[in-house]
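Scroll down for the structure; my scribbles are underneath it.
We name chains A, B, ... by the order of the sequence lines, and we start the count at 1 in each one.
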Amino acid sequence: MTAQEVATAVPPEASDSFPADRRLEAYRTMVLARSLDDRCIALQRQGRIGFYAPHAGQEAALLGSAYALAPDDWVFPAYRELVVALVRGASLQSVVDQLFADSGDLTKGRQMPNHFAFRAQHFVSASSPIGTQIPQAVGAAMAARSRQAPIATIAYFGDGATSSNDFHAGMNFAGVFRAPTIFFCQNNGWAISLPRDRQTRSPTLAGKADAYGFPGVVVDGNDVGAVYTAVRRARRRAVAGEGPTLIEAQVYRFGPHSTSDDPRRYRADSEVESARLRDPVHRLKTELLSAHLLDEAGDAKIWEEARGTIQGAVTAAEAAAPVGPLSFFDDVYASLTPRLAEERAGAAAQVPAEARRP
Amino acid sequence: MTAQEVATAVPPEASDSFPADRRLEAYRTMVLARSLDDRCIALQRQGRIGFYAPHAGQEAALLGSAYALAPDDWVFPAYRELVVALVRGASLQSVVDQLFADSGDLTKGRQMPNHFAFRAQHFVSASSPIGTQIPQAVGAAMAARSRQAPIATIAYFGDGATSSNDFHAGMNFAGVFRAPTIFFCQNNGWAISLPRDRQTRSPTLAGKADAYGFPGVVVDGNDVGAVYTAVRRARRRAVAGEGPTLIEAQVYRFGPHSTSDDPRRYRADSEVESARLRDPVHRLKTELLSAHLLDEAGDAKIWEEARGTIQGAVTAAEAAAPVGPLSFFDDVYASLTPRLAEERAGAAAQVPAEARRP
Amino acid sequence: MTELTLVQAVNRALFDAMRSDPDVLLLGEDVGVNGGVFRATDGLLKEFGAERVIDTPLSETGIVGAAVGMALYGLKPVAEIQFLDFIYPAFDQIVSELAKMRYRSGGQFPCHVVVRAPYGGGIKGGLYHSQSTEAYFCHTAGLKVVVPSTPADAKGLLLSAIRDEDPVIFLEPKRLYRSATGEVPDGDPAVPLGRARVVREGTDVSLIAYGAMIPPTLEAAATLGTEGVSAEVLDLRTLVPLDEKSVVASVEKTGRAVAVHEAARFCGFGAEIAALLAEKAFYSLKAPIGRVTGYDTPFPYALEQLYLPDAPRIAAAARAAMTAG
Amino acid sequence: MTELTLVQAVNRALFDAMRSDPDVLLLGEDVGVNGGVFRATDGLLKEFGAERVIDTPLSETGIVGAAVGMALYGLKPVAEIQFLDFIYPAFDQIVSELAKMRYRSGGQFPCHVVVRAPYGGGIKGGLYHSQSTEAYFCHTAGLKVVVPSTPADAKGLLLSAIRDEDPVIFLEPKRLYRSATGEVPDGDPAVPLGRARVVREGTDVSLIAYGAMIPPTLEAAATLGTEGVSAEVLDLRTLVPLDEKSVVASVEKTGRAVAVHEAARFCGFGAEIAALLAEKAFYSLKAPIGRVTGYDTPFPYALEQLYLPDAPRIAAAARAAMTAG
Ligand SMILES: Cc1ncc(C[n+]2csc(CCOP(=O)(O)OP(=O)(O)O)c2C)c(N)n1
Ligand SMILES: Cc1ncc(C[n+]2csc(CCOP(=O)(O)OP(=O)(O)O)c2C)c(N)n1
Ligand SMILES: [Mg+2]
Ligand SMILES: [Mg+2]
């Protein structure tokens, strides 16, 4: 039985289909996500935030997977998953506060934009090193199982991350220990300037699961319903004790790798244009239009609302107080060590008076 | 086309078969190897050498692969490959000197026994960290190709090493760059106390090659001819620019992991006994007997000769001078740095007079 | 009180910690069925089962990565790295993830993992079974680093490490695993992190050491005593957070200091000791600060006894401090 | 002479090295088609082709592991790590293999690889695009460690590093990539490894720094000058092998020393400087040795300007040294 066949062997259930009554809500979230992306790139260009890593082109994969999870599941993100946090209940304001690194930022201004952490949503702290979240998701899954919690963990990562040490270690541990983990690879065609085909000669990324003895499936990442179904089934397998699944969601990164990147150096505009024909936002809109759940006027309103909501959050973030000037000494350890207390006192003496105001 | 099929698609050639006129020589070497193993374990038990990692059970895989290589090929060993060095022309004396870490040791007494390096034989310095030689073999292969040298590199490693970071990195680079590398995995069933089935859920280790887009083959590692053929074909593929091959030679480790190990803690004697029924030395002997290339009297003589040769090398090693007492400051860099020169001078003042004698 | 070897004391601490807290679990290579290559985990699989004593595949990245995930979820994993020399495949997980998780999440995700690893030379282990690279971890904010030198400390400090809220790198002097024996309290002899111990009081020179260097340092102190030099021996026990006060206080008293470790000298822990004293005990110093350390070479095999600091080298450095100036 | 930025000087050095020696080749992530995320390798693919300018998969283990193999075979690979913060997946290959290959083989297998990596803060990179962990490499026998601070040194030292016979970790101060400009000799301006440079002479206090800390250190020296304090500024340039003589000579002259780096303080390179001086310049010292460094926290994002040593902090430490005692 190949990996593909194993996955197909999980019997389908009605609950595997994306709930019809949430499609409009999903579209709203998708529009919010896309609008936020556009706005954040502009904010970065204007020097109002320091950095941004866009997710445009990956919204269906992000939303489809996020909707398929249960609240108690744990999410181990990379850096393009802010939509997942929103679906899980993180507020738009807290997301925007992280981008602005202001006093509303739950990560206390310590990380670059896009490196979120939302404890209440079981959305684990993101880091920059590629792939490190993968074995962590496996460990958390093993821990949950040992506590008899009927949950799954999900690790998000890109095509580039499949080359990382941590992918190999995490996948192998998951196979050996049959961890209830969903490996969700967003293959967006590029790892900065390296195209997928130069990343690995594996015919598909999903096929790499064979090497670890569990199923891998390819899914059209522009199809929110297809992604939802794939993740639901992987989740059922996981919770039923049948072990992990690797899902390769095939998407395309429309924008630059990040605001520091100039994609014209390594790919043709025409490639982007043809990928845009499969734009997941447009696709869901078309589906909703033909199902008469949406009309153009309603659509325009959704976009307008999204922009308004974002504007509100941005305005609030810009009005928010900065993080406290000595707050960067906190949380290194559970409590300040004597050495840090001394360093902090020294720094306090140096911090210019104006910065010390709250 | 699966990996298995790709490999099978390399057309067989007459030169792929183990040369009939070298079978007796191979047997002699195998007997030497087995005898050396027994002797070294005894030497360690007597406290005459510090450590030993036996290869008993793996001789056919080692010899079959070594004979299949060309002199200009480069070998990246783990720590059970001393037979490979012998086949490539390293002297038994230099092997034994390494085990004794005496002044004849080409590694200058710096490494534990079994960590050989033989420049003249393109037998690269072995280290203890598992798997690190694997991407190195790939880099050397890329370098050789860029110099138009028609050679292959071979990386030796165990079943346990397939879990290492370096296996993943090396295999992936080899696939992407179509490096002329042979990945030779000796699956001896165990990584210290961890059985193969707990190392990974991959049905075979050879199958892991699929994840990197090149062929993997399983071969009976007790059959010197079968191993020879598999390596010859992989080598032809490599030199022809068709890229790497992963070979899984299925063997069994008869002895302890090393002289520090007590295998009875984790495996039943009965498992060892049944594996011994497939003893590669016995198997080649039986083949030679039935081909009338050997009789029992001749066999006894081969064993006796082997023991004599080994005794000679051991005697010489025990008579050899120790390494110079300050030699451990050399070769950190191409030349002594000022700091090392100072440390060396300080140490010279401390070394007890008797140690300073050459 | 029971007389135990150091490795037995480690084993007892693991038994005690696992008995008293169901969230504690172990993972590593050969820790289960085999009981650990040094037998530190002997008997644990039998008592606690395979869900809590986990034999892992050969991947330190996986061991520490999974341990981090377990800790995030709320368990208290104790990861074993078979030899400190093999920790580097896990280095990224340790320095990028484990050390920084609490910080980068603004305190939302504490991540308490204990990473145990046998370290150091003296067992004829050559380059890769002898290393002592504690300085890498000490330089990494977010980690605590602990090195016991006696069976009682091994048990007490390991219990404290497991109960601490922060990630701890727990380095066990393998050379002392069987050679160091001593009385170990039976109950719950937690020894607090962050406190050095004066092993021997003295007034002329402070010998500052830890782990496997304590026995030769004590031997040197004894020799010095016969020469009329009163050497104080400090066992740091915890390298991070360092008990700076005790170190400074000792040197304020003696005026002379020698730092001892088996790691290479350049940028080793002894440099931090010297820097600390050159800043905070400067006016008490009567002599240059000595360092007796491994040399700046990889760890050799045949000549390890010349590489490793021993009592004569330590005593010589103390004498140099006494006669300096 | 040409006026270049520091990153352009790196680029020129790579061009020159590759033109003059066909064995030199580059590998790393995004170094080819993209020309490097900082454009350090811009134009090289076009001139030298894909066999010599190799875009690799996302694996630092693979990059350094393959580079080691290439070097063993006889080539001279220059491996780029995109940010020093991402070097840890290659840590095992660097410390276990690259650093020890020549040694462990008894000199049979020299292994000359240059690993280039942009390091340091000041670009709002947060925890993972700002690190300065040179101490890890300095503590690893077998590696050389080089940090330029000017365009001319960047070119000259990189050429020397590529021509050296030993493995070199070459750390480029990314904060100065574009902000530091200067005249760079055109021909072959090799700057020898192992020699510090007196950037500014002085008699009262020695400020010992390297890399991106040179500009704020010079600024502090200028301020001190206006206050009548004559500060000498030493740019170490090579951390291993360290030019101990120049460091000691400077402090023998001034009697006061402040070590400056942006890495965390505890067990940072400044500790080695202090230890060196506390041993070899002890009798010249008139004041406690100061260290102005990053704090012992991970590198923060919003508040990086408070984390990073700046001219006021450096000047304050120098003043403290002047008034001590
Ligand atoms: C270990 C490591 N090496 C290099 C980098 C620099 N880097 C950041 S993102 C990236 C590409 C990631 O590609 P992929 O995994 O496909 O994710 P995507 O950005 O396409 O979502 C690289 C090389 C890093 N962050 N971590
Ligand atoms: C990175 C690393 N981790 C752990 C070890 C300890 N160790 C030495 S050999 C070994 C098992 C290796 O198994 P395998 O690759 O199957 O080779 P075999 O010994 O069976 O030939 C282990 C875990 C090591 N040497 N390196
Ligand atoms: Mg990608
Ligand atoms: Mg094995």
Side-chain angles (χ1 to χ4, degrees), chain C residues 60-61 85-96 99-100 103-104 126-128 133-142 239-240 242 257 259 263-283 285 287-291 295-298 300 324-325, chain D residues 60-61 85-89 91-96 99-100 103-104 126-128 133-142 239-240 242 257 259 263-283 285 287-291 295-300 324-325:
Chain C
E60 289 76 13
T61 304
D85 316 62
F86 305 136
I87 205 168
Y88 311 121
F91 204 69
D92 193 31
Q93 280 289 342
I94 293 173
V95 307
S96 302
K100 298 177 174 54
Y103 192 75
R104 78 183 193 215
L127 286 86
Y128 301 109
T133 52
E134 59 278 7
Y136 295 157
F137 305 99
C138 294
H139 186 50
T140 306
L239 304 188
V240 180
L242 176 63
R265 173 189 180 96
F266 200 79
C267 286
F269 196 80
E272 182 59 40
I273 296 291
L276 169 70
L277 295 172
E279 185 192 350
K280 296 197 178 160
F282 181 75
Y283 298 105
L285 287 174
I289 300 169
R291 284 188 279 171
Y295 297 108
D296 288 308
T297 75
Chain D
E60 289 75 14
T61 303
D85 316 63
F86 304 137
I87 204 167
Y88 311 121
F91 204 69
D92 193 31
Q93 280 289 342
I94 293 173
V95 307
S96 302
K100 298 178 173 53
Y103 192 74
R104 78 183 194 215
L127 286 84
Y128 301 108
T133 52
E134 60 276 8
Y136 295 156
F137 304 98
C138 294
H139 185 49
T140 306
L239 304 187
V240 180
L242 176 64
R265 173 191 179 94
F266 200 78
C267 286
F269 196 80
E272 181 58 40
I273 296 292
L276 169 70
L277 295 171
E279 185 192 349
K280 296 197 177 161
F282 182 76
Y283 297 104
L285 287 174
I289 299 169
R291 284 188 280 172
Y295 297 107
D296 288 308
T297 75
F299 199 101

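- Between chain D and the residues C:Phe86, C:Phe269, C:Tyr283, the most heavy-atom pairs under 4.5 angstrom are made by C:Tyr283.
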For this session: List the steps, then state whether side chain to side chain contact (heavy atoms under 4.5 Å, CB included) holds for D:Leu242 with C:Phe266.
Result: CA-CA 10 Å; D:Leu242 176 64; C:Phe266 200 79; 3.9 Å; yes
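- Taken from OH in C:Tyr88 to OG1 in D:Thr61, the straight-line distance is 15.0 Å, to the nearest 0.5 Å.
- In this structure, chain D has a heavy atom under 4.5 Å from the backbone of C:Leu239, while its side chain stays farther away.
- Residue C:Tyr128 holds its OH atom at 6.0 Å from NZ of D:Lys100, rounded to the nearest 0.5 Å.
- Your options are D:Gly142, D:Ala141, D:Ala271, D:Ala281, and the one with the most heavy-atom pairs under 4.5 Å with chain C is D:Ala271.
- Considering every non-hydrogen atom in both C:Ala264 and D:His139, the closest pair reads O-CE1, 3.1 Å.
- Interatomic distance, D:Ile289 CD1 to C:Lys280 NZ, rounded to the nearest 0.5 Å: 14.0 Å.
- Chain C forms the most heavy-atom pairs under 4.5 Å with one residue out of D:Ala99, D:Ser96, D:Pro300, D:Pro298, and that residue is D:Pro298.
- Take C:Glu272 and apply the salt bridge (Lys or Arg N to Asp or Glu O under 4.0 Å) test, not counting sequence neighbours, and it matches D:Arg291.
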Exercise. Going through the checks in order, is the side chain to side chain contact (heavy atoms under 4.5 Å, CB included) test met by D:Phe282 and C:Leu285?
Worked result: CA-CA 9 Å; D:Phe282 182 76; C:Leu285 287 174; 3.7 Å; yes
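- Interface remark: C:Tyr103 contributes side-chain atoms only to the contact with chain D (heavy atom separation under 4.5 Å).
- The choice from C:Ala259, C:Ala287, C:Gly126, C:Ala324 that makes the most heavy-atom pairs within less than 4.5 Å of chain D is C:Ala287.
- With sequence neighbours excluded, the residues satisfying side chain to side chain donor-acceptor pair (under 3.5 Å) with D:Tyr136 are C:Thr140.
- For C:Tyr295, no part sits under 4.5 Å from any heavy atom of chain D, backbone or side chain.
- For the options D:Ala278, D:Gly290, D:Ala274, D:Ala135, heavy-atom pairs under 4.5 Å to chain C are most numerous at D:Ala278.
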